[in-house]
Amino acid sequence: MKTLLFRYSIAAVALALLGFTAFGLTRYFADPGAGSEATGRPAPAIEPEQIVATIEAGKQKPRFVGELAGVFIAPTPADWPAALREAREERLAGGCRAASRDRAAHLDLRAEPDLPGFQQSPPEPQVIECSGSVTSINREYVGTAANGGPATILLTRSVSRALGIDAAEESVSVTTIDGRTAILIRPVSPDGTGQTSNIIFPEDFGTTTVYAFNLSEPELIRVAEAVAAATK
């Protein structure tokens with residue numbers, strides 16, 4: 001439970017994605033064909049070294065630091081403007097812990113997203129409060145990507161409008177998903193194998209963010225469409 005709470009606390013206060021990425025890569029390398037028997041998809045024919053080389057090449061590109069659609073994005077909170085850092089520190093000052101779902105009704109989804117091939121695990125959303133106020137409600141989904149490897153989706157609705165996401169400048173853009181303004185953070189390569197990617201929807205209360213692992217760009221867009229429909 002402490003490990004789970006820590007992971008969701010990271011999402012709640014918009015820290016770096018290192019833990020989520022490491023979790024996904026470890027699972028991918030340990031069993032790259034997980035789920036392929038059930039889906040009939042072949043295991044991905046790609047070596048771990050090739051995945052790592054692609055990711056490392058992406059890390060050499062200039063990083064995105066700035067505001068889009070009212071959301072500030074940078075690799076770490078240290079890169080945020082002073083006012084946003086101070087707001088984060090104030091939110092964390094009283095500590096963070098799990099809270100009951102009924103306290104997060106103002107942040108919860110209007111409907112569950114339709115994500116074929118994925119199941120929610122754990123089955124109930126996880127709610128985090130910091131300094132006595134609910135800061136996020138989070139859902140994690142596990143399934144099998146089109147490449148036959150395991151995929152993970154973390155969906156968080158947070159009061160934060162600043163996110164610690166380390167992405168190349170060229171990967172970040174504003175788009176429209178099912179009529180909603182969204183920030184698209186593409187995977188390093190279009191196939192997304194072993195990589196993270198994101199969709200961020202600005203909200204009146206903060207943000208709805210999809211943290212995806214091992215999804216191709218078309219798969220990410222399909223997930224984003226499902227989330228957009230569930231948050232209208």
**Message:** Rounded at 0.5 Å granularity, tell me how far CG in Asn147 sits from CG in Leu215.
**Reply:** 8.5 Å
**Prompt:** Going only through I, L, V, M, F, W and Y residues with side-chain contacts under 4.5 Å, is there a path from Val188 to Ile165?
**Reply:** no
**Message:** Could you measure the distance from the CD1 atom of Ile177 to the OG1 atom of Thr175? Nearest 0.5 Å is fine.
**Reply:** 5.0 Å
**N/O donor-acceptor pair under 3.5 Å between Lys232 side chain and Asp178 backbone** = yes
**Arg161 side chain vs Glu203 backbone, donor-acceptor pair below 3.5 Å** = yes
**Asked** Going by atom types alone, do Thr54 and Gln195 pair a side-chain donor with an acceptor below 3.5 Å?
**Response** no
**Prompt:** Would you say Glu90 has more than 12 foreign heavy atoms packed within less than 6.0 Å of its CD?
**Reply:** no
**Prompt:** Is Arg85 close to Pro81 at the side-chain level, that is, under 4.5 Å between some pair of heavy atoms?
**Reply:** no
**Item:** Non-hydrogen atoms of Ile55 and Gly194 that approach each other most closely
**Value:** CD1-O, 3.2 Å
**Request:** Please report the shortest heavy-atom distance between Ala224 and Phe201, naming the atom on each side.
**Result:** O-CZ, 3.6 Å
**Heavy-atom donor-acceptor pair, Thr231 side chain to Ala228 backbone, under 3.5 Å** = yes
**Asked** Which atom names give the shortest non-hydrogen contact between Ala168 and Gly58, and what distance separates them?
**Response** CB-O, 4.4 Å
**Prompt:** Does the side chain of Pro113 reach to within under 4.5 Å of the side chain of Tyr141, using non-hydrogen atoms?
**Reply:** yes
**Prompt:** Are the side chain of Thr181 and the backbone of Thr176 linked by a donor-acceptor contact shorter than 3.5 Å?
**Reply:** no
**Item:** Shortest non-hydrogen contact from Pro75 toward Asp79
**Value:** CD-OD2, 3.6 Å
**Message:** Within this structure, what is the CD1-OH distance for the pair Ile153 and Tyr211, rounded to the nearest 0.5 Å?
**Reply:** 14.0 Å
**Asked** Would you say Lys61 and Glu170 make side-chain contact, with heavy atoms under 4.5 Å?
**Response** yes
**Message:** Could you walk me through whether Arg88 and Leu92 satisfy the side chain to side chain contact (heavy atoms under 4.5 Å, CB included) test, starting with their C-alpha distance in whole Å, then the side-chain angles of each, then the deciding distance to 0.1 Å, before giving a yes or no?
**Reply:** CA-CA 6 Å; Arg88 172 182 176 273; Leu92 293 175; 3.7 Å; yes
**Request:** Return yes if some donor-acceptor pair links the side-chain N/O of Arg186 with the main-chain N/O of Leu184 below 3.5 Å, else return no.
**Result:** no
**Prompt:** From Phe205 CZ over to His106 NE2, what is the distance, rounded to the nearest 0.5 angstrom?
**Reply:** 8.5 Å
**Asked** Is there side-chain contact between Thr207 and Leu163, with heavy atoms separated by less than 4.5 Å?
**Response** yes
**Message:** The test is salt bridge (charged side-chain N to carboxylate O under 4.0 Å, His left out); show your working for Lys59 and Glu56 and say whether it passes.
**Reply:** CA-CA 5 Å; Lys59 287 181 179 179; Glu56 288 302 315; 3.4 Å; yes
**Item:** Reported CG-to-OG1 distance for the pair Asn138 and Thr156, which is rounded to 0.5 angstrom
**Value:** 3.5 Å
**Message:** Could you report the tightest heavy-atom contact between Pro190 and Pro218, atom names first, then the distance?
**Reply:** O-CD, 4.3 Å
**Donor-acceptor contact below 3.5 Å, side chain Glu219 vs main chain Ala146** = yes
**Request:** Determine whether the side chains of Ser216 and Asp191 contain a donor N or O and an acceptor N or O closer than 3.5 Å.
**Result:** no
**Sub-4.5 Å side-chain heavy-atom contact between Ile183 and Ile73** = yes
**Asked** Donor-acceptor pair, Gln126 side chain versus Glu124 backbone, under 3.5 Å?
**Response** yes
**Prompt:** Is there side-chain contact between Pro202 and Val71, with heavy atoms separated by less than 4.5 Å?
**Reply:** yes
**Request:** Please assess Ile128 against Val134 for the test side chain to side chain contact (heavy atoms under 4.5 Å, CB included), listing each intermediate value before the final yes or no.
**Result:** CA-CA 6 Å; Ile128 300 296; Val134 170; over 6 Å; no
**Message:** If you define the side chain from C-beta out and look only at heavy atoms, does anything of Ile199 sit under 4.5 Å from Thr209?
**Reply:** no
**Message:** Using side chain to side chain contact (heavy atoms under 4.5 Å, CB included), reason through Ser197 and Ile185 one step at a time and then give a plain yes or no.
**Reply:** CA-CA 6 Å; Ser197 54; Ile185 302 181; 5.8 Å; no
**Message:** When you compare the side chain of Phe64 with that of Leu68, does any pair of heavy atoms fall below 4.5 Å?
**Reply:** yes
**Residue pair Arg91 / Thr135, side-chain donor-acceptor N/O under 3.5 Å** = no
**Prompt:** How long is the gap from CG on Asp108 to CZ on Arg110, to the nearest 0.5 Å?
**Reply:** 10.5 Å
**Request:** Let me see the working for Ser136 and Arg157 under side chain to side chain donor-acceptor pair (under 3.5 Å), right down to the final yes or no.
**Result:** CA-CA 5 Å; Ser136 73; Arg157 284 170 59 90; over 6 Å; no
**Request:** Return the minimal non-hydrogen interatomic distance between Val127 and Arg101, and the atom names on each side.
**Result:** CG2-CA, 3.7 Å
